[in-house]
Amino acid sequence: MKANILKISFYGVSLVLIVLGFKLYSQITTSPDQQLFDYVAWNILNQGLLYKDVFEINFPIKPAIHMAALQIFGDQAWSFRTFDYLMNIGVSIAGYVFLRYVGFGLGAIVFVPVYLFSYVTSGAWFAGQIDHTGHALLFVSLIAIAAAKRQEHGVLLAVVAGIFSALAFLLKPTMLAFPTGVFVALIALGFGEAQTRRGLQLALIFGTGFLAVLVGFAIIGALTGQLAGFWQQTVLFNLQVYGAQESAQSLTGTFLQILRNMVVIAVFGMAGFAVMGLQGGYRSELLLFALLLGAILVSYLYQNKGFGYHLGGLVLVFAFGTSALIDLTGRWGREHTTRRIVGLVASVGLVLLISAALGRKVLNLDPDPIDLGLTHEDQREILLIIEQKRRPDSSIVIWGRQYQIGMLAGLPTAWPFINAPLREEGHRMEGWYDLAQAELDRTCPQFVLANTSELYAPSKADDTTLRTLLIDLVAAYQPAYQAENVTLYERAPC
């Protein structure tokens with residue numbers, strides 16, 4: 001009876017924390033990246049196809065997620081944040097089920113709030129980023145393949161694992177490191193199986209699920225005419241034009257800063273995996289988590305941009321290891337009364353330490369750390385002006401990071417170059433400058449919303465770019481509203 005009351009209390013506290021986590025998450029400002037993908041998704045839903053009518057340098061699943069959020073919750077700034085939190089609740093439930101499956105009942109209950117609060121308190125730049133979402137999909141894939149290994153008939157689970165790995169790859173190609181590692185490990189090691197036939201069977205099923213998703217997307221792309229644009233924008237542009245080179249020192253500094261930000265679950269998480277190794281019986285799980293951790297680091301290093309959110313998946317890895325440590329500590333010395341008490345006290349102590357660390361992060365969390373050059377009052381004024389002056393055929397060009405204005409105002413983009421790298425470097429791709437000029441001539445946008453410090457930044461005398469093209473266009477416009485560094489321009493009908 002007492003055990004049931006304690007279990008119900010744990011679940012009740014977890015439910016309350018999930019609700020509090022969402023309240024906290026909803027207060028964090030939307031990052032420029034979220035606003036970008038919201039606006040890309042809105043334009044796809046309202047006026048055309050991805051990679052044809054709306055250019056994008058990222059693989060298709062990210063815009064698809066934002067499209068789903070807008071379809072379900074409407075064209076609101078909070079729509080994706082709500083959808084993202086619900087997805088992460090789903091990921092935490094998958095982790096809960098898996099922890100219970102491998103015998104970590106207490107760890108399962110702890111994992112849900114530890115993971116969600118660690119994610120929420122990571123800040124505005126971590127929220128809903130491609131890398132974290134991709135790592136979350138890989139985490140689900142990991143769970144499915146680990147469960148498939150433990151079951152005699154794990155065909156369906158192996159297919160599910162392949163599907164989720166493919167979806168992660170279609171979020172960002174650097175996610176390919178994990179499914180590649182899993183495929184090789186299944187064949188080479190069989191995950192501890194006495195015969196390699198079992199490992200080979202799981203590898204083939206896993207690969208089939210993975211390839212089925214890719215083939216499906218390729219067929220859809222071929223039928224809709226999106227494949228050529230996909231190749232040009234997500235592959236050729238990224239390889240030939242867009243990129244960043246950070247020094248090894250910068251990459252290391254960012255990595256250490258991220259570890260400092262999550263130092264408590266990082267230390268306890270790695271300790272948890274170490275104890276699992278000493279305990280025995282978790283070889284497959286440890287190997288899979290090593291592959292996931294390796295994939296996260298490979299992706300971070302390959303991208304070479306030094307963005308902390310490229311390490312987003314560490315939250316999941318460390319939260320799982322921490323939950324396992326709490327469970328294993330609580331079970332220590334069950335056959336001996338004194339040791340059992342020490343283990344339980346230590347387990348409670350770990351929970352309190354983690355709670356204190358996460359509580360401190362909640363108290364220190366800055367809900368509005370990103371300056372987009374517009375105050376909330378500026379945004380309201382701009383939206384009001386657009387509502388009062390817009391025409392049935394109105395469109396807008398946004399030069400800067402204030403993408404949310406376009407979606408909230410319901411104004412389609414006047415050209416396909418929404419994403420900043422496409423705007424800033426698009427002239428280096430053959431035919432794009434002429435396309436941009438033709439689209440601006442065709443649409444004759446009523447509004448231009450520009451970060452003037454970026455638009456009128458010093459340039460070379462022979463600079464023939466999309467920026468100079470827009471500068472020439474804006475010469476025929478009049479300012480309708482001016483903030484500190486952002487101006488809304490308007491022109492009369494063409």
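Because the structure is predicted, anything quoted here is derived from the model rather than measured.
- Within a 6.0 Å radius of CD in Glu377, other residues, nucleotides and ligands contribute more than 12 heavy atoms.
- Just one of Tyr25, Phe73, Tyr115 meets the ring pair (Phe, Tyr, Trp, His ring centres under 6.0 Å) condition when paired with Tyr85; it is Tyr25.
- The closest donor-acceptor contact from the side chain of Thr468 to the backbone of Thr465 lies under 3.5 Å.
- Of the N and O atoms on the side chains of Glu490 and Gln478, not one donor lies less than 3.5 Å from an acceptor on the other residue.
- Side-chain contact check for Asp53 and Gln47: no donor-acceptor pair (N or O, by modelled atom type) lies under 3.5 Å.
- In this structure, Phe139 and Phe111 have parallel ring planes: the angle between them is below the 30° cut-off, well short of the 60° mark.
- Judged purely by atom type and a 3.5 angstrom limit, Asn451 has no side-chain atom pairing as donor or acceptor with the backbone of Gly373.
- Closest heavy-atom contact between Ala69 and Phe80: CB-CA, 3.7 Å.
- Partner of Val397 under the side-chain contact (heavy atoms from CB on, under 4.5 Å) criterion, chosen from Leu411, Val474, Leu440: Leu440.
- Summarising the local packing, CH2 of Trp231 is surrounded by 12 or fewer heavy atoms from other residues, nucleotides or ligands at distances under 6.0 Å.
- Under the 30°/60° scheme for interplanar angles, the aromatic rings of Phe55 and Trp432 are found to be tilted.
- Using modelled atom types, one side-chain atom of Arg390 and one backbone atom of Gly410 make a donor-acceptor pair closer than 3.5 Å.
- The side-chain contact (heavy atoms from CB on, under 4.5 Å) test with Leu383 is passed by exactly one of Leu408, Asp378, Leu488: Leu408.
- Remark: Tyr302 OH is loosely packed, at most 12 non-hydrogen atoms of other residues, nucleotides or ligands lying under 6.0 Å away.
- Judged purely by distance below 3.5 Å, without hydrogens or angles, the side chains of Asp131 and Gln303 pair a donor atom with an acceptor atom.
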